[in-house]
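From a predicted model like this one, the values you see are computed outputs, not experimental measurements. Proteins get letters first, then strands, A, B, ... in listed order; numbering begins at 1 in each.
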Amino acid sequence: MEVIITEWALQSYLDLKAKGIFTEHDYREILRPDTELLKTDDPFDANHPRFSNAKYWGPATNKGQIIKYGYKMKWHNFGPGRNQLRLCIVIVTTELEGKTEQRAFLCTGYVKDTNREKREMARLKIKIQKILDGTYSYRGRI
Amino acid sequence: MSFKTTASQRVHLYQIASAMKASGLSDQFIADAVQLGEYYEGIYDLFELWQDSETGERAEIVSDIQEEIYEAQEQPAKPQHKPMVHFEDLDRIAQDVIGFKKHLRNLADQWGGISKLAEATGIAQPSLSRFFGSASMPRRTTLYRIAIAMDLSETEVVGSWAA
């Protein structure tokens, strides 16, 4: 599956990097390889060692309801600050550059806390609608 | 399946907007937020969260909504492909952005401070605080508002990495 780096992902990575949430080693050895799994593996495979483990991957939810097309990649006690890092991902079939296919859109990365989680889930719904509408910016593919 | 606001959600949105007005948020902010909330269900969700939150968290929600307002003002009509930023460049860009914002913050403090800037730009104070404290590339919309308020020139506020 094609994996799109959205503007939201870039901007959040910039801020997380500047705040020391992850190091270059974390990025090269953990973050990037994990997200690259979306390119090669099936995130809906019930037997996949990573995607079938709710500790590392799961649907995004808001007020107990699954947000359609919305997913979260999760890292626990991550980086120098041992934070709960999350990356919102939208998987949906859309047209881009003249081709209609299912793609994974990397969206906002953030450090989870209860309030932030609620706000990010609300904002993920806005991002999904923008991806459906085609009113978003992207920086390329991984 | 879409994430657009329903009619009943819109009615509730207007009620919360009245509470926002009573809390002292500016008419411009509320009007812009309501306009977005009439379309995006996620904005409606942020309104609901604001209603159910205490003061500190409300400030964060106002900042979130303000960011969505500015993003909508610069929103492309179709997917916009911007140049790739490589990981090796993230640190340098982040440091450039932080340095620039620090400089701008100093200018703002000399000019009269964040409260005065919030009033002059119409940008809620929590949003300005988040803006100055983040390494995310600044939006031109935000930079222009600050420049106009403080009578700065284009070259003083727009760097090559403006989002």
Is [X] close to chain A through its backbone or its side chain, or both, or neither, when contacts mean heavy atoms under 4.5 Å?
X: B:Ile98; value: side chain
X: B:Phe3; value: both
X: B:Glu48; value: side chain
X: B:Ile43; value: both

Name the option with the most non-hydrogen atom pairs under 4.5 Å to chain A; the candidates are [options].
options: B:Pro83, B:Ser136, B:Pro79; answer: B:Pro79
options: B:Tyr39, B:Tyr40, B:Tyr44; answer: B:Tyr40
options: B:Glu71, B:Glu68, B:His81; answer: B:His81
options: B:Leu90, B:Asp64, B:Asp91; answer: B:Asp64

What's the verdict on salt bridge (charged side-chain N to carboxylate O under 4.0 Å, His left out) for B:Glu67 and B:Arg139, showing C-alpha distance, side-chain angles and the deciding distance?
-> CA-CA 9 Å; B:Glu67 285 179 2; B:Arg139 296 185 182 286; over 6 Å; no
Candidate list A:Lys72, A:Arg86, A:Lys63, test salt bridge (charged side-chain N to carboxylate O under 4.0 Å, His left out), partner A:Glu117, passing option |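 Testing each of A:Lys72, A:Arg86, A:Lys63 against A:Glu117, the sole residue satisfying salt bridge (charged side-chain N to carboxylate O under 4.0 Å, His left out) is A:Lys72.
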Using 4.0 Å as the upper bound for N to carboxylate O, is an ion pair formed by B:Glu38 and B:Arg10?
-> no
Check whether the side chains of A:Gln129 and B:Lys4 place a donor and an acceptor atom closer than 3.5 Å, and report yes or no.
->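 Note: A:Gln129 and B:Lys4 side chains miss the donor-acceptor criterion.
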Between A:Gln11 and A:Glu7, do the side chains contain an N or O donor and an N or O acceptor separated by less than 3.5 Å?
-> yes
Could you have a look at [options] and say which one has the most heavy-atom pairs with chain B under 4.5 angstrom?
options: A:Ile131, A:Thr6, A:Leu132, A:Asp133; answer: A:Asp133
options: A:Asn62, A:Leu16, A:Ile126; answer: A:Ile126
options: A:Glu97, A:Arg119, A:Lys127, A:Lys125; answer: A:Arg119
options: A:Met121, A:Lys19, A:Arg28, A:Glu95; answer: A:Arg28

Engaged part of A:Arg32 at the chain B interface, taking heavy atoms whose separation is under 4.5 Å |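 Contact with chain B is absent: no heavy atom of A:Arg32 under 4.5 Å.
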Measure distances from A:Leu124 to the heavy atoms of chain B and classify the residue's part below 4.5 Å as side chain, backbone, both or neither.
-> neither
On the 0 to 90° scale, with breaks at 30° and 60°, tag the A:Trp57-A:Phe51 ring pair as parallel, tilted or perpendicular.
->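 Rings of A:Trp57 and A:Phe51: perpendicular, as their planes differ by over 60°.
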Can you label the angle between the A:Phe44 ring and the A:Tyr71 ring as parallel, tilted or perpendicular, going by 30° and 60°?
->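 Rings of A:Phe44 and A:Tyr71: perpendicular, as their planes differ by over 60°.
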Is a side-chain donor or acceptor of B:Thr142 paired with a backbone partner of B:Pro138 at a separation under 3.5 angstrom?
->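 Judged by distance alone, no pair lies under 3.5 Å.
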Taking the six-membered ring for Trp, is the centroid-to-centroid distance between B:Phe47 and B:Tyr14 below 6.0 Å?
->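 No, ring centres 6.0 Å or more apart.
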